[in-house]
**Student:** 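Can you read through this structure? Questions will come right after.
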Amino acid sequence: MAALGRVRCLTRALVAAPNPGAWRSLCTSTVAQASSRTQGEDVRVEGAFPVTMLPGDGVGPELMHAVKEVFKAASVPVEFQEHHLSEVQNMASEEKLEQVLSSMKENKVAIIGKIHTPMEYKGELASYDMRLRRKLDLFANVVHVKSLPGYKTRHNNLDLVIIREQTEGEYSSLEHESARGVIECLKIVTRTKSQRIAKFAFDYATKKGRGKVTAVHKANIMKLGDGLFLQCCEEVAELYPKIKFEKMIIDNCCMQLVQNPYQFDVLVMPNLYGNIIDNLAAGLVGGAGVVPGESYSAEYAVFETGARHPFAQAVGRNIANPTAMLLSASNMLRHLNLEHHSNMIAEAVKKVIKVGKVRTRDMGGYSTTTDFIKSVIGHLHPYGG
């Protein structure tokens, strides 16, 4: 009963309605934040945009090194304030989490690697990665799945966007053993958060000139939970008559993505489905190494890879593909209104892939991470770097 009481308490805290104000614009002011940090190791660079960097686990530090090297070569006016948070490297604590949160709240923008979540239960159900996202209310995860010219996959010329609600659903960390050998895992769906992610998806489609939004669900089985999510999507859709609205059951969506992904434009879905579809769709265009992602709250923007994998087996081998992280970093610069630098880096990365001489192992080549970075830097100069 004590465990159940704790779950009920956590449930009330989880579903407490956040401020549902308009989601943060995809672009921020061009005025660099000039407030000084309290941590002594951070040195403020005048005129540079402060960005929190969280390398994460696996090849994350190597990918962040790639970002820093390319930014340096391109003279990008960004100052990285690096923090480390890892449950597998004994670098996770409440103090470190608060330091990261403080930095991200001050800077408003962050770039992060995958913070690996161990499967072992050690008394805390919510991982540090999940707690970080919840405390910042990063409710919308956006993954733009787009084919890269010159890199052929089973499906080419793909261009679709997956929008995932990532603060509730099956990832609510509300589990308990109600009787010996019986585990109850609660899935939380609220009207407030379902409406918020639906509105985000339709706003995104409107801003980006896209014509259709597909709500992905399992309301035929979870009639109340997914039923509420679907109902909210339908209600929001009525407010956007110029955007075509469709709905699709999750299992059919998986099959349709493999058979005919061209039918999709923007897809919006609850937490777990989004995690699965992100990875499936990334596989359609080349895998986790080539798809960027980002997460938004009303105040903060976090840039990361679209499919979150630590790729631990590649650590220290100089074989990780930095494409996804570099494209995500380019998206971050666009968010900061640094359009010139954003375009320069994105075009350099795409040029390297299109030429095809330098490709990492996951793309069928033999080049190292270092080779790829050097090639990207070599292609910066034609764009005015």
Side-chain angles (χ1 to χ4, degrees), residues 54-67 70 86 88 111-119 127 129-130 133 141-156 158-164 166 171 254 257-258 261 264 267 269 271-295 302-332 345-346 349-350 352-353 358-369 371-373 376:
L54 199 60
D57 296 309
V59 295
E62 296 172 53
L63 299 180
M64 291 304 177
H65 173 73
V67 171
V70 172
S86 171
V88 296
I111 184 167
I112 68 174
K114 167 63 178 173
I115 303 173
H116 184 61
T117 302
M119 292 186 186
S127 68
D129 182 50
M130 291 167 60
R133 294 175 191 277
N141 176 241
V142 180
V143 176
H144 188 179
V145 179
K146 188 173 183 179
S147 298
L148 293 168
Y151 181 48
K152 292 184 179 182
T153 56
R154 182 178 297 273
H155 297 287
N156 297 300
L158 279 183
D159 186 356
L160 57 93
V161 177
I162 300 161
I163 296 177
R164 163 193 178 191
Q166 61 175 5
Y171 289 44
C254 291
L257 275 167
V258 174
F264 297 106
L267 300 92
M269 60 201 74
N271 209 335
L272 178 61
Y273 310 154
N275 192 4
I276 295 169
I277 296 298
D278 281 347
N279 286 267
L280 189 158
L284 297 177
V285 296
V290 299
V291 179
E294 53 221 55
S295 295
V302 173
F303 296 84
E304 56 195 333
T305 55
R308 302 166 189 164
H309 294 280
F311 199 20
Q313 63 269 34
V315 173
R317 296 172 60 191
N318 199 23
I319 61 173
N321 187 349
T323 299
M325 193 62 80
L326 288 173
L327 292 178
S328 185
S330 170
N331 292 338
M332 179 187 74
I345 292 172
V349 172
K350 293 173 184 177
V352 171
I353 292 172
V358 179
R359 286 187 178 172
T360 49
R361 294 188 184 184
D362 61 310
M363 299 182 78
Y366 298 94
S367 302
T368 64
T369 307
D371 293 334
F372 194 94
I373 296 170
V376 169

**Student:** Could you tell me whether a side-chain N or O of Arg164 sits under 3.5 Å from a main-chain N or O of Met269, the two making a donor and an acceptor?
**Tutor:**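 No, the answer is negative, given that no donor and acceptor are paired below the 3.5 Å cut-off.
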**Student:** Glu304: what forms a salt bridge (charged side-chain N to carboxylate O under 4.0 Å, His left out) with it, not counting sequence neighbours?
**Tutor:**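 For Glu304 the salt bridge (charged side-chain N to carboxylate O under 4.0 Å, His left out) partners, ignoring immediate neighbours, are Arg133, Arg308.
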**Student:** Quick one: does Thr360's side chain have a donor or acceptor within less than 3.5 Å of a partner on Ala320's backbone?
**Tutor:**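 It does not hold such a pair.
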**Student:** As a quick check of understanding, evaluate side chain to side chain contact (heavy atoms under 4.5 Å, CB included) for Asn141 and Asn271, giving each step before the final call.
**Tutor:** CA-CA 9 Å; Asn141 176 241; Asn271 209 335; over 6 Å; no
**Student:** List the atom of His144, the atom of Asp159, and the distance in Å for their closest heavy-atom pair.
**Tutor:** NE2-OD1, 2.6 Å
**Student:** Does the side chain of Val161 come within less than 4.5 Å of Val142's, by heavy atoms?
**Tutor:**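 Yes; the side chains approach each other to less than 4.5 Å.
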**Student:** Is it the case that the side chain of Thr305 and the backbone of Met325 share a donor-acceptor pair, with hydrogens and angles ignored and the cut-off at 3.5 Å?
**Tutor:** no
**Student:** Which heavy atom of Pro261 sits nearest a heavy atom of Leu160, and at what distance?
**Tutor:**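 Closest pair (atom of Pro261, atom of Leu160, distance): O-CD2, 3.8 Å.
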**Student:** Mind checking the CG-OG spacing from Leu158 to Ser147? Nearest 0.5 Å is all I need.
**Tutor:** 4.0 Å
**Student:** Minimum heavy-atom separation for Ala329 and Ile111, please, with both atom names.
**Tutor:** CB-CD1, 3.9 Å
**Student:** Return the OH to CG distance between Tyr273 and Leu267, rounded to the nearest 0.5 Å.
**Tutor:** 14.5 Å
**Student:** Is a donor on one side and an acceptor on the other found under 3.5 Å between the side chain of Asn279 and the backbone of Asn275?
**Tutor:** yes
**Student:** How far does CG of Leu327 sit from CG of Asn331, to the nearest 0.5 angstrom?
**Tutor:** 7.0 Å
**Student:** Between atom CD1 of Ile277 and atom CZ of Phe264, what is the distance when rounded to the nearest 0.5 Å?
**Tutor:**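 Nearest 0.5 Å value for the CD1-CZ distance: 8.0 Å.
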**Student:** Determine yes or no for a side-chain-to-main-chain donor-acceptor pair under 3.5 angstrom, with Asn321 supplying the side chain and Thr369 the backbone.
**Tutor:** no
**Student:** For Asp371, what residues pass the side chain to side chain donor-acceptor pair (under 3.5 Å) criterion, not counting sequence neighbours?
**Tutor:** Thr368
**Student:** Kindly give the heavy-atom pair with the smallest separation between Pro322 and Leu63, and that separation in Å.
**Tutor:**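 That would be CA-CD2, 3.7 Å.
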**Student:** Determine, step by step, whether Thr153 and Leu284 satisfy the side chain to side chain contact (heavy atoms under 4.5 Å, CB included) criterion, reporting the C-alpha distance in whole Å, the side-chain angles of both residues, the deciding distance to 0.1 Å, and the verdict.
**Tutor:** CA-CA 7 Å; Thr153 56; Leu284 297 177; over 6 Å; no
**Student:** Could you tell me whether the side chain of Lys114 reaches within less than 4.5 Å of the side chain of Val59, counting heavy atoms only?
**Tutor:**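 They are not in contact (no side-chain heavy atoms under 4.5 Å apart), so the answer is no.
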**Student:** Would you say Arg359's side chain and Ile353's backbone share a donor-acceptor pair under 3.5 angstrom?
**Tutor:** yes
**Student:** Which atom pair, heavy atoms only, marks the closest approach of Ala346 to Ser330?
**Tutor:** CB-OG, 3.4 Å
**Student:** Please report the closest heavy-atom contact between Ala324 and Ala288, naming both atoms and the distance.
**Tutor:**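 What the structure gives for the nearest pair is CB-O, 3.7 Å.
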**Student:** Is there side-chain contact between Val302 and Leu54, with at least one heavy-atom pair below 4.5 Å?
**Tutor:**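 No, their side chains stay 4.5 Å or more apart.
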